[in-house]
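First up is the structure itself, then whatever we jot down about it.
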4 protein chains.
Amino acid sequence: MEWDHIIKNGTIVTSREQYKANIYVKDEKIAAISSVELPGDAREITDANGKYVLPGFIETHVHSRDGRKGAYYKEDFFHSSMAGVVGGVTTLFEMPNCNPAIYNVENMNDLISCITPKAHLDFGVWALCLGNLNKDQIIPLAEAGVVGFKFFWGYAIDSKTYQLIYNYEEGMKDVIPPLDDGEIYKIFREVQKTGKLLGIHAENFALIKMLTAEVKASGDKSYEAMLRSRPPVSELTVIETGILFAQATGAHLHIHHLASGDGVELIRDAQKKNIHVTAETCTHYLELSNEDYDRVGPLIKGYPPIRLKRDQELLWDGLRDGTLSYVCSDHAPHSYEEKMQDLWTAPAGMANIETMAPVMINAVNEGKITLNQLVQFLSENQAKQFGFYPQKGSLEVGTDADIVVVDLDKEYVLDQEKLHSRTKLTPFHGRKMKGLPVQTILRGKTVAKDGEVVSEPCGKFVRPL
Amino acid sequence: MEWDHIIKNGTIVTSREQYKANIYVKDEKIAAISSVELPGDAREITDANGKYVLPGFIETHVHSRDGRKGAYYKEDFFHSSMAGVVGGVTTLFEMPNCNPAIYNVENMNDLISCITPKAHLDFGVWALCLGNLNKDQIIPLAEAGVVGFKFFWGYAIDSKTYQLIYNYEEGMKDVIPPLDDGEIYKIFREVQKTGKLLGIHAENFALIKMLTAEVKASGDKSYEAMLRSRPPVSELTVIETGILFAQATGAHLHIHHLASGDGVELIRDAQKKNIHVTAETCTHYLELSNEDYDRVGPLIKGYPPIRLKRDQELLWDGLRDGTLSYVCSDHAPHSYEEKMQDLWTAPAGMANIETMAPVMINAVNEGKITLNQLVQFLSENQAKQFGFYPQKGSLEVGTDADIVVVDLDKEYVLDQEKLHSRTKLTPFHGRKMKGLPVQTILRGKTVAKDGEVVSEPCGKFVRPL
Amino acid sequence: MEWDHIIKNGTIVTSREQYKANIYVKDEKIAAISSVELPGDAREITDANGKYVLPGFIETHVHSRDGRKGAYYKEDFFHSSMAGVVGGVTTLFEMPNCNPAIYNVENMNDLISCITPKAHLDFGVWALCLGNLNKDQIIPLAEAGVVGFKFFWGYAIDSKTYQLIYNYEEGMKDVIPPLDDGEIYKIFREVQKTGKLLGIHAENFALIKMLTAEVKASGDKSYEAMLRSRPPVSELTVIETGILFAQATGAHLHIHHLASGDGVELIRDAQKKNIHVTAETCTHYLELSNEDYDRVGPLIKGYPPIRLKRDQELLWDGLRDGTLSYVCSDHAPHSYEEKMQDLWTAPAGMANIETMAPVMINAVNEGKITLNQLVQFLSENQAKQFGFYPQKGSLEVGTDADIVVVDLDKEYVLDQEKLHSRTKLTPFHGRKMKGLPVQTILRGKTVAKDGEVVSEPCGKFVRPL
Amino acid sequence: MEWDHIIKNGTIVTSREQYKANIYVKDEKIAAISSVELPGDAREITDANGKYVLPGFIETHVHSRDGRKGAYYKEDFFHSSMAGVVGGVTTLFEMPNCNPAIYNVENMNDLISCITPKAHLDFGVWALCLGNLNKDQIIPLAEAGVVGFKFFWGYAIDSKTYQLIYNYEEGMKDVIPPLDDGEIYKIFREVQKTGKLLGIHAENFALIKMLTAEVKASGDKSYEAMLRSRPPVSELTVIETGILFAQATGAHLHIHHLASGDGVELIRDAQKKNIHVTAETCTHYLELSNEDYDRVGPLIKGYPPIRLKRDQELLWDGLRDGTLSYVCSDHAPHSYEEKMQDLWTAPAGMANIETMAPVMINAVNEGKITLNQLVQFLSENQAKQFGFYPQKGSLEVGTDADIVVVDLDKEYVLDQEKLHSRTKLTPFHGRKMKGLPVQTILRGKTVAKDGEVVSEPCGKFVRPL
Ligand SMILES: [Zn+2]
Ligand SMILES: [Zn+2]
Ligand SMILES: [Zn+2]
Ligand SMILES: [Zn+2]
Ligand SMILES: [Zn+2]
Ligand SMILES: [Zn+2]
Ligand SMILES: [Zn+2]
Ligand SMILES: [Zn+2]
């Protein structure tokens, strides 16, 4: 027997177990798991002695700024996927607000052909819901294999490019104003037909606009002022309307990047009523709060905003009790110049794909979650929710050999200079950490090791099973 | 002693008790309650032997179409208040969408002076919230003694007359489009300062507009088609957003004319979380359903629409367990010609002030509620919620001698020809009934008896204590 | 008109209102309530100006130690009823563990004739459940007019006298051991047939016996040691078994003297499931805790024991939210010599009937409850629960003129020397207080005034309506 | 490489996945799982093509009637373990009420040496709690490796043999009466120290005794009469007291053989309050009801009794939602002569170990549960709850090669003649079934195949990890 890769002597970690065994890869799949040494040579042998062997991580929420007209000065898929694999990610789902945006099959195929040559990892693609504008594309996009549909609730759209408008004012030219509830309801009905999930950015645009004007007029430029301009109620109202629409239409609602601790309760209550709603949160909502602003500055700005310690605790609770399905990074890089402006001018978004797993592994060392839960929150639950399980998200014979080797003991200070995103900025810079991914294997091949990419791009587009 | 009025031999009914006693009125107040005959003459003596003596009913939700520019062909205060007193109502609260609308103190005083000469009963007045347009009038209106603030969520407004626009289309001239959530949130904040309640018409305009267009396009003109155009979710989304706004601002939210049974659960859950939200429902939601459409025709049309038997049951449950505070009629007459059009063209609204109490008394005879609960749902709870208790809504010494004598045994068929509203139309026409008010006493004076008004107008404006 | 008594110028307080009016009594009943001065003389006139006029208090839980073979050195009905009326009580319910015990109609009649001549107030009587021993007396006792049935769960009984055995040991002669669950279940079934409530002393005898032996063996004689010998679980297990028996049999279970805060939650949960269970607590559980032991000494000993501050808070919560129906004193006097022994030797029980209302009125002044709630917790709720309403427990025309005049402003230090119980001992001795009853009127006649009894005994046996 | 056993071509089923792979056994463990054919010979090769490969089943509740003084005419370990392996069981836990009973380490070792030579499967042992009698043996027994402690709540014990007395009457000689709550509470405290679970037979002895006497006296000999003698409340009261004791002591309470559907709710509520309580139910409670009595006769008798269809449904719900941990058979054989008496005389208990898995597999085919859930309810959850996971209860490399091959398609009629228990009686006799275990492998060795035992006894005592 000629094996492609043997990962030996490590401790395999699944969502429920840990056990010592070797993994033998053949033709990109896990061909055997064995506690005895199997005969046969291997093209590659990894000695994971003293380390943990986990299913490759799945990052569902990435804005790589790529596409034919991408904002390459912020990021591109070559860099975001490098950052991903160094951070233990073997599959990512690209958000559809690239340029051109993914609102039809043509643009989707375009993006796929554009980023495949740069892909260091496997990737799925989200599609955009624009209401009537692309109503007839929802079913074709589902058939083309998108992972789900994203709706940017409350955002206006450029009527020519269909790009999101971040600072919409009434009366702007060539702009489609935010959709009203009637059109949004139709989106729920349409996506329901596909059986795929409808992910929403849940912020009440009109409420935030009014409060922002008030807060700006007050002259207060503190972080607390910004929090007042986007209070929890601005998330909660959209979440609740979404839940009621999901109940009425039967659509599967997914809440992206939940930031408000009180949102956990709304979602938990809806789940108890058997309404089909799931949610994710991000490492920055779990591990940062308003108290970090003085240290981190405008870099910490995101939408929805990072809130209070109390929200952190409620989000961790929601994660541990299953109300939240998993953790993502909402990787959304901006250039150094953009982010280093004052708090109100700097764009929202952070480049966290590479720090996501280290931050969560550190949380394991802090006792916040177990190593088994780490596998659930970074891999298994995503694979199940989006229909890739067990091909992705597990370590069973016959599944893709997407594997991360984790060193749980290594202590270090997180240094943003060593990141692989085009923009090397993270609010976690300078944090003392323990534990990190040290080797990432994509379908049997090592693509990153010890903080560096060690392979040419070899990722590919993947679609739900 | 010279008494003004003695009501003798009747059974006094409060929210908790029934006992035989005489009531002695002096100077418009209950001066004495006595089981022995007190000495002294009386200008008027009512023998209530075999009958029940209840506090006068309070109808909180009336559109009398009056005002300097009122739609007198539909109704006026003279007629609505006649209908009221014949139906046992001694206090009504007039809705502010009269013409001119009550969005400032001047218009309020104008309305008061306009309708006082026609008032057969005491009346309070609601004020209208128009967002920024009358933000600075909220506190003055509160100080001027309005009973609460009404916000017609989702309605556009004529920018000149501030009248509601019932068939708003984008692009209409001289129209202020429906307020967005930012402006609505400010209304909650402003009303919160007054400590008064903010009543909302809870229907999601944008959702209904879209669904109505769809249903109309389908050509289906059945009542079920109209229900599909205004489904429960259109009520529920507004209720929930209102609840979250109430939670965030501390305002007291009041849900007008709840029609959806599922709304009861949302309100119950919010009350359990100590959010300050109350609600009312109407006799037509309690006692009519889609199954009555064939018999009643377009007359049954109201917004929100009368729904299913299931909704009826949930509303009765909500009333009995205290989730809903009380019952009103949402008296909103239209002319015969207007209502006798096809279902889609006819305006929404019914003239039910005079049938409200008979329908509820009939429900007592059907065992749905007790006579003590009747006092709560038609009088005491309103008085408490709006700050008139015990002056109104009770039968204690020292309080206004607003009294209804009820004959619980009388059987009859409800005949709309005998109604006193200008428009003699009711969906309850032809219903076999048992029990009705037979005499109505306003501050000691009999104003209606045996189905007829027996006094000149002698009502006056009243304000919360 | 010749009135018996006029109480004028006071503020009448009911469970919902306060209003100024005069009360006119005729033939022991409230004949009129009037805001104007009614003509006619009166044998007695009380000027309640500046004071509050409440329905007379009802104390449901009194052990007067009376009967043909009563423990008169501890107390008798003459003294307990004097203490009652001075404390604003106009009706009390006597517990059946007198001597002879009230386990049949004969003994009941015997007690009634024994205590009537000494009665300064009206009284009802509880009957005792002894299992098979008096199974055939349950229905006759109900027909004879007992207020309810009491079962001393876990107590042994002297087989000759049917007196409770407080220090039962296995093997005692002439003793019926505590009933087992089978016999207790039959009691529930039998009492269910009468529609009356079954009150239980809820302590797990076997558990307490074991823990007491352990604690005594440890040599620890602190109050905390005694608490360890009767922990909350000893109350909770009996309450829960009682609840399940009530659910299975349909009996109305009543929990006497709830002391454990966690018991409130069990009862609340059962009520939510529509199981017929009610509960009372006592002033000493609401206002004393283990922290008072150092000051008060063995006097504080009661069964169940006074627990922690946390229990106090949960009991107040349960009272305010309606889980607990009312407050009583569990008046159970012992002689000075008996109580002044060491904590383990002294008998359990306190003489609190006279301090009950003052302590609760003081709580009104502290803002813990309102004056309207005071009427509910000391009078109206008892009258309703035991079937005396509105004859007792209300202030309506036609009902018994049982009235307490309360001075809400008077400040004083509670002095046990001034009490009227035979044993002048109270754990509230020395407490700074504000507010107290200053005049007590029984069926129209003043029986106590300014801390002294002013009438010969004129109370009588009363039975549910 | 020389493998011990290869199970090839089957579909491996875990609690979450199904995938095709081969299993390679070496030294009693799963040495490799592989989708490719691994080189090397094997002593045994099983072709599982078209079949499902599951972790061996774990039966936690077996009364084999063995021991030095065993009731061999009913059953012995040789037969019960044969029945077990034919039914897919690879590990069973023996109940401690054998003879001599397992109330100390000596008896435990005695039993182990007695049954090991007859063991066709691996076995753990429960220990008995006798209160003070063996209080000092609790910790030694835990250290000796028992799986948990069993307390027969409400049963009397022979004071010489410590055997359970099934028909206790007061006054019996040489009998220790049922323990009171004080002694039971001490059992909870003592077991809590060991961290092991305390399993209880939850029936209220005193209540049942009284009701049984009543029902017997009535002369009614129907099955419904027997149900009236042991109503749900007799289970519920013991469960609730157990829950409160668990809460107070921190012990892990386990409810054996839950029969009452309402018990599920009590347990669910307790789990929500984070009280450590788990529960099991049996195949006969899930799949039989009072409606089967006419067909099955006295054979159906068990304690607690098989109840109504409604109970079945609530038990299935509780299993599916995780309130109940797993399913067992409560294998408790009696001789043909014993069981074929009238309903009141026949002893309680059934011989169901061999039918347990077939009945549950049939339920998979009926759509009641999934194949993944079958793995949880028959294997994984037991292994986790009792501390054997993943050594038992999983199919991972490195764990014991305890494997069941299941044919999901085979249709047949269950015939008790083919059973392997000494007493060939089952209430499932004659039932049309689909699906059954066809091969059982214990630590790599096939011990049963196609309904027959194919190996000498090779089981051994196992203890929690
Ligand atoms: Zn977003
Ligand atoms: Zn994003
Ligand atoms: Zn309206
Ligand atoms: Zn209206
Ligand atoms: Zn007691
Ligand atoms: Zn007592
Ligand atoms: Zn058992
Ligand atoms: Zn058993």
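Naming convention: chains lettered A, B, ... in sequence-line order (proteins, then strands); numbering from 1 in each chain. No hydrogens, no waters, no symmetry mates; every other heavy atom, side chains included, goes into these values.
Looking at A/Ile30, only its backbone comes within 4.5 Å of chain D, counting heavy atoms on both sides. Contacts of D/Tyr389 with chain A are made by side-chain atoms alone, with heavy-atom separations under 4.5 Å and no backbone atom involved. Within the 4.5 angstrom heavy-atom criterion, atoms from both the backbone and the side chain of D/Ile33 approach chain A.
Across D/Lys20, D/Glu380, D/Glu37, D/Lys29, the residue that shares the most heavy-atom pairs under 4.5 angstrom with chain A is D/Glu380. Of the residues considered (D/Ser35, D/Ala21, D/Pro390, D/Ser15), D/Ser35 shows the highest number of contacts with chain A, using heavy-atom pairs under 4.5 Å.
If you take CD on A/Glu396 and CD on D/Gln18, they are separated by 12.0 Å, rounding to the nearest 0.5 Å.
Here the closest non-hydrogen pair linking A/Trp3 and D/Leu38 is CH2-CD2, 3.6 Å.
With no hydrogens or angles considered, no side-chain donor-acceptor pair links D/Ser394 and A/Arg16 at under 3.5 Å.
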